[in-house]
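Here is the structure we will look at, set down as structure tokens.
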There are 2 protein chains.
Amino acid sequence: MSKTSQPKRKTERSLKHNHDACIQTALARAEVRCAQEGERFTGLRRQVLELVWSEHKPAKAYHLLKKLSDIRSGVAPTTVYRTLDFLQERGLVHKIESLNAYVGCSQPNAEHSGHFLICENCSEIREIENSKISAWLERAAQDEEFKIKTETVELLGLCIRCQPA
Amino acid sequence: MSKTSQPKRKTERSLKHNHDACIQTALARAEVRCAQEGERFTGLRRQVLELVWSEHKPAKAYHLLKKLSDIRSGVAPTTVYRTLDFLQERGLVHKIESLNAYVGCSQPNAEHSGHFLICENCSEIREIENSKISAWLERAAQDEEFKIKTETVELLGLCIRCQPA
DNA sequence: GTTAGAGTGATATATTATAACTAATAACGC
DNA sequence: GCGTTATTAGTTATAATATATCACTCTAAC
Ligand SMILES: [Zn+2]
Ligand SMILES: [Zn+2]
Ligand SMILES: [Zn+2]
Ligand SMILES: [Zn+2]
């Protein structure tokens, strides 16, 4: 496969993406974030977050459990769920409700619910930074005089690479 | 409780709503729908759908299982999940992913993913018929050249009756 | 170094969901 | 009606996801 013959599209993550750097960025941001809030970013928390970030795909809790067992002892479901809870509360990971799985948050600074595009073919997941979405949904909710607290928006379909030509 | 002294707001379902009629409508529509598609609307399917519709609240599978056991014998998890799958495939119920629960579809004619407002206080759930939402989400997805197949939109918050004055 | 609180380990159990096989029932062609 | 076939439902077992509880350990603060 000749790289030069391919147009460089932003969705083709594999062509442009140094994922090690991506993970390191996430870990560094988490460290800062925890420090700011007076929370400890312990070894366990770092390991779990790193595992969650190991791919741009939703990570299942019991898969994390297995991976974590390879690098630590005394790991039980509680360990993983407790740590994921901690990371969620700090906005460092999101739970994908329709998959019972977890992904690292790509914009952990702003307070937000994540909105996701999930490819049903390759499982790649992408958090959308479209600030209009929340505004739209709030407008729709206002028609019913409903006050939104948490938005679950998970759009399952095909990413550009997996769409038939 | 004086009915006349209350303002009639559309969100105050209990004041305007004859829920028996609501259930009957849902069952009748399901019957028609199944007939159209050459599917059998059996006693089991009718009972499960009726239980799902028994309140405007998400129904958990194992709660349905318990209720169903009261009116039938030989009921196991499989029974419930199989029937819910059937009903979902025909667009008669939706699964609420963030709650692992099920609700009757209030517009089973149009092909659609449901969009929901869920009150975290009273659990009332309402399916929004805002056709703009899908259009908006598709626009947002198009920015990423993503093709949506299924939308999970579950907005958790407070219904008007549960909002502090 | 003591202590209080946070973090983690360990064990048990609850909740949600599926697999695989069998029996009953309905639909269909004759 | 009668045998054939496909659909529906029953049965049993187990997998996958998640929480509760209590005990022990570490750390930061004093
Ligand atoms: Zn990355
Ligand atoms: Zn894909
Ligand atoms: Zn109703
Ligand atoms: Zn409410």
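Model, not experiment: these values are computed from the prediction. Just so you know, these numbers use all the heavy atoms, side chains as well, and skip hydrogens, waters and symmetry mates.
- Contact annotation: side chain of A/Thr78 to base of D/dA20, donor-acceptor pair present below 3.5 Å.
- Annotation: cation-pi geometry satisfied between A/Arg45 and A/Phe86 (NZ/CZ under 6.0 angstrom from ring centroid, within 45° of ring axis).
- The NZ-P distance, from B/Lys60 to C/dA14, rounds to 16 Å in whole Å.
- Across D/dT12, D/dT8, C/dT8, the shortest atom-to-atom separation from the side chain of B/Thr42 is found for D/dT8.
- Between the side chain of A/Arg82 and the base of C/dG9, at least one donor-acceptor pair of N or O atoms lies under 3.5 Å.
- On a pure distance criterion of 3.5 Å, no polar donor-acceptor pair joins the side chain of A/Arg40 and the base of C/dG5.
- Look at A/Lys95 and you'll find a side-chain N or O under 4.0 angstrom from OP1 or OP2 of D/dA18.
- You'll find the side chain of A/Glu39 stays beyond 4.5 Å of the side chain of A/Arg33, heavy atoms only.
- On a pure distance criterion of 3.5 Å, no polar donor-acceptor pair joins the side chain of A/Thr83 and the base of C/dT8.
- Atom CZ of B/Phe86 is separated from atom P of D/dG10 by 15 Å (rounded to the nearest Å).
- Contact annotation: side chain of A/Tyr62 to base of D/dA15, donor-acceptor pair absent below 3.5 Å.
- Rounded to an integer number of Å, the gap from CG of A/Asp85 to P of C/dT8 is 13 Å.
- Ring stacking is absent between A/Tyr81 and D/dT19, as the pair misses the limits of under 5.5 Å between centres and under 30 degrees between planes.
- The phosphate of C/dG9 (OP1 or OP2) has a side-chain N or O of A/Arg72 nearer than 4.0 angstrom.
- Between A/Asn100 and the phosphate of C/dT16, there is no side-chain N or O to OP1/OP2 separation shorter than 4.0 Å.
- Between A/Trp53 and A/His19, the angle of the ring planes lies from 30° to 60°, which puts this pair in the tilted group.
- Looking at B/Thr42 and B/Arg46, their side chains never come closer than 4.5 Å, going by heavy atoms from C-beta outward.
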